[in-house]
Every structure is written in C-alpha cells, then in structure tokens.
Amino acid sequence: MVALVGGIGLQTPHPKTEEPVTVVELTNMLMFMPETVRIRAGTTVEWRNTSLLVHTITADPDLATLAESVQLPEGAKSFNSGNLDAKATFRHTFDVPGTYVYFCIPHEGAMMRGTVIVEPIVQ
Amino acid sequence: MKSSNINRVARRSYSAGYLLAFLLLLLTAVPHVHAKQMDQEQTMAKLQKMTPARGYIDAHKNLEKPLGLLGGPVEVTITQTSGGVFVSLPDQRRLDPNVFGTPEMPRAFSGTPGVNGVPLMARGVEHSAYTVMKPLSPFGDKYTVMAEGKLSLKAVDATATDAAKTEDAVNMMASWKDQDGNTYEVRCCQMLAAHGMEFPTFGGVVTNHILHGFTRIGTALMPSEYAYFAFWGMGEVKKNGVVLDKPRLVHGMLTEYVRKEGYKLAFDDEVTPTRQHFHLMVAPFMPVMEEGRFTKKPVKTGFNLPNGMELPFWHVMFENLEIDSKRSE
C-alpha cells in the first residue's frame, strides 16, 4: 500500500503481514513508481514488475557503470534482485537509516533510478 | 436587348472568362508543377550522387577476392530469451548540431533522405539552429513496448571490406508479440549486402566499428555510436507465421546505449558507452542496385497504428541480451 504525497511515497503498514511493506512498481516507461519512497527503518519494500520488460533492482556499486546510479548509507549492505521478468516481485528490508539510490541494470543508460529514504525509528 | 438577355450574356461572358482563367491557370500550373517535380527529382539525384562514400564503394563493389579481417574471422552470438522489446513509432527526429551543423554551416545533407543524410529543405530552423527533421522517421523519441521479445543471432565477420563477394554470414530470427497476441517476426539474411550503396557495409557484417551520426555509415539520424557488431542483408517480415514482405532490407547492430531518460534518442554527447543494446531495423526503403541508390517503399509490417495506418517500418530494440564472441580458428 502506498500513499503519495508530493511525489513521495509514504509507507503505510500492510494490513495482512506483520512487517510494514511499501510497494514500488516497475514500468514500461522506465520509471520506478513512486520514484522516491520515505520509510521507517525495518520496513520492507516490495518491487512489482508491472511492465513487459525485464528490470532489476540494483544497489551495488560493483554492478553500476555510472557513479550516480548507486548511493548507500554507511554500513548498509549492497543488494541486487537479478533479472525480474514481467509480474515478478522482489523484497528488501531496510534496517540502516539513510538515503539509498538504486537502478535497473539494463536501463541504466536511460537513467532508470529510484530512491529510498530510510528514517530512524523514533523511540 | 432585354435585360434578362444582357444578364445571360454577361453571365456567359463571366463564365467564359472564369473558365479561360481556370484553363490558363491549369495550363501554366501543369508545367510549373511538372518543372517543380523535375527539380525535386534532379535535386534528389544530385544528393544521392553526393554521398561521401561514393568513391570508396566504386573502388570496392567489383572486388572478387576481398581481404579477410585482421586477426581472422570473428564469430558472434546474441540472444534474448525473455522480456519485452521497445518498438519505435514514427516521430520527428531532433537534429544534433554535432552531426548536422548549423544553418550557416550545414553538414550531413547528401544521400537518400533518411537513409544517409537530411537535405536542408527537410530541416526545421529556429533561432539560427536546426530543430527537427520535418518528415516523420523511425528515429525519434516515441515508442511502445511489446511482449515476449526473442532474438537468436549467429554471425561471422570474415570479409574486411566492401566487395562483390563475401565470406560473412548471418542467421537471425527475431520476434515479439503485440497486446492482442499477434506475433511479429523478422528473419535474415538470405543474402548479405556484400557492398554498400550509399555507405560501406564491409561485406555485410562489421565488428568493432563506429557507425551512424557523423560517420555517415548508415543514417545520420541515429547518433554516432560504437557498434560491437552490425549487419546489412535481405530478409523477410512475418506476422503469425505468414510472410508479409520479402525481400526486405534488414539492418541489425549491437551498440553502446543511445537512449537517455524517457527513452529519448540521444545526441552524440549523451550516449552511455558502458551499456549495450541491440537494434533491429527493417527500413522503409529498397535498394536500386543498378543505380546505387535507395527508393522509398513502406514495409508491410501488419501492425496498425492508433490512426489506422500500418506501421511502415520495424525499428525494435532488444535490451535483455546474452552476448558471446570469439575468433574463429
């Protein structure tokens, strides 16, 4: 479930699972929708390939050919979904607060990038 | 004379005068239109003769025993087994000043329009700069995505230069599906372009060479791009297993990535050298071999655009690729 405020997706808890889930769609327009999501630490993001194309969710500097394709907060581990066919999904849980920039390997040249802003859990 | 007669005569005179004027207009207009058409044909012939590669092709087109590639033949395999494809739709190409210059200093205007250069009269101008090529072409920013793109290509680059005979070979099958489940397919090559017409084709297959844009090898409407592999040959176009058009000029190439944000076709300084994609082109032109030029002929694709017109070309990009190559023994 995603709520959109000013182009930024704000995470809301998924009603049927214990862990909060934010959904991002991968499109034929070579965009992650929403492009930027803001979540709390410990939230899982689920990417759904609603396009006809193969996409990846990649936040690994070793797999990027453009420096601006990836950004990871200090202490965060890199991740990569591998190829996601149409209708496939991929999940990643964000524990380390900070700003993550990720990209799609086949469409890196077309600047297919997304951002996850992870805010610390307020005690 | 009664007034009604006067009116009748006046009307008759008016009608006769009108008819005479119309005939005079017609008689003067017909030669004018004819002359204009002749001018256009002559201009086209001049443009086609002026292609920069004309001398090179003349020196190579009758070569019976061309030399081989330095280091020996290269075998190339390219496949896509899953994922969709990008299908270009007719659009006006923005004109890159790196390639087309400026109105004061134009470049890349000779050759069959769209196949090689872009004549000056086809260019939009604004604020002393070129804007777009006015007619629609397969080389723009508009596209649609189609499902189940499959590509199977095996090729050999053996012959180095253009020639009368070639040792190069291509066996390619490409297909994709529209949203109604129709399958479109292109197969190539029953015959390779051993030599080019308006630009070199290197025996039909070329590896590791820069093409398009400023090079004038292929249309200048595509950006200057490094091609790891490219071919030109005659193939066939199918829909749901039925041949719709044959023979057709087919061109394919594996290049660095020439699309940018929004999948817009890049200018030369916007190319991403570190990513690759495969382009398949079935051009809306046919070669006129004996005259060394091209003539316009829409491809029977069997795919209708929203306005009801049949898409007159295939320009399809495959981007989920497995690539393999080696030197033959």
Side-chain angles (χ1 to χ4, degrees), chain A residues 7-8 24-37 47-71 78 80-90 100-116, chain B residues 78-89 141-151 175-184 223 225-226 254-279 316-323:
Chain A
I8 294 178
V24 177
E25 293 190 351
L26 289 65
T27 71
N28 281 336
M29 304 295 286
L30 305 186
M31 291 172 76
F32 296 102
M33 292 290 287
E35 198 174 308
T36 301
V37 292
W47 286 268
R48 295 176 184 169
N49 189 357
T50 57
S51 79
L52 299 169
L53 301 161
V54 169
H55 293 297
T56 72
I57 317 298
T58 306
D60 184 344
D62 292 341
L63 298 174
T65 66
L66 305 172
E68 56 272 32
S69 295
V70 176
Q71 184 185 324
S78 61
N80 176 34
S81 65
N83 282 351
L84 294 178
D85 285 320
K87 297 178 184 171
T89 61
F90 173 72
Y100 297 70
V101 176
Y102 62 95
F103 73 105
C104 168
I105 290 174
H107 307 119
E108 186 183 18
M111 310 299 157
M112 186 173 174
R113 290 181 200 146
T115 303
V116 179
Chain B
I78 305 172
T79 54
Q80 176 167 316
T81 54
S82 69
V85 291
F86 297 86
V87 177
S88 287
L89 300 174
D141 301 335
K142 291 181 182 166
Y143 72 96
T144 188
V145 171
M146 292 200 199
E148 294 182 43
K150 290 187 171 55
L151 176 67
S175 67
W176 53 94
K177 276 187 176 179
D178 69 15
Q179 58 184 6
D180 296 325
N182 296 301
T183 301
Y184 303 91
E225 55 200 296
Y226 190 83
L254 174 71
T255 72
E256 55 193 340
Y257 204 82
V258 299
R259 296 278 171 171
K260 54 180 191 168
E261 192 167 3
Y263 212 65
K264 288 182 177 166
L265 192 55
F267 281 0
D268 282 11
D269 55 2
E270 298 168 326
V271 165
T272 302
T274 49
R275 294 287 175 198
Q276 297 171 316
H277 52 171
F278 182 84
H279 317 240
V316 183
M317 274 62 66
F318 295 78
E319 304 195 348
N320 185 31
L321 301 171
E322 286 174 32
I323 301 156

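Lettering follows sequence order; numbering is per chain, from 1.
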From [X] [atom1] over to [Y] [atom2], what is the distance, rounded to the nearest 0.5 angstrom?
X         : Y         : atom1 : atom2 : answer
Tyr143(B) : Leu30(A)  : OH    : CG    : 4.5 Å
Asn320(B) : Leu53(A)  : CG    : CG    : 9.0 Å
Glu270(B) : Met111(A) : CD    : CE    : 9.0 Å

Considering only heavy atoms from C-beta outward, does the side chain of Ile105(A) approach that of Arg275(B) to under 4.5 Å?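 Heavy-atom side-chain distance check passes, below 4.5 Å.
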May I ask you to test the Leu52(A)-Trp176(B) pair for a side-chain heavy-atom distance under 4.5 Å?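 Contact flag for Leu52(A)/Trp176(B) side chains = no.
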Can you tell me which portion of [X] sits under 4.5 Å from chain B's heavy atoms? Options are side chain, backbone, both or neither.
X        : result
Asp85(A) : side chain
Asn83(A) : side chain
Ala64(A) : backbone

Could you tell me which of Glu319(B), Glu148(B), Glu256(B), Gln276(B) has the largest number of non-hydrogen atom pairs under 4.5 Å with chain A?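 Top count of heavy-atom pairs under 4.5 Å with chain A: Glu319(B).
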So for atom NZ, which belongs to Lys142(B), do other residues, nucleotides or ligands contribute more than 12 heavy atoms lying within a distance under 6.0 Å?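 Not buried by this count: 12 neighbours or fewer within 6.0 Å.
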Is Val85(B) close to chain A through its backbone or its side chain, or both, or neither, when contacts mean heavy atoms under 4.5 Å?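 Answer is backbone: N, CA, C or O of Val85(B) sit under 4.5 Å from chain A.
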Quick check on Thr274(B) against chain A: is it the side chain, the backbone, both or neither that has a heavy atom closer than 4.5 Å?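 Contact with chain A is through both the backbone and side chain of Thr274(B).
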Using a 4.5 angstrom heavy-atom cutoff, name the option from Met112(A), Met31(A), His55(A), His107(A) with the most pairs to chain B.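 Most pairs with chain B among the choices: His107(A).
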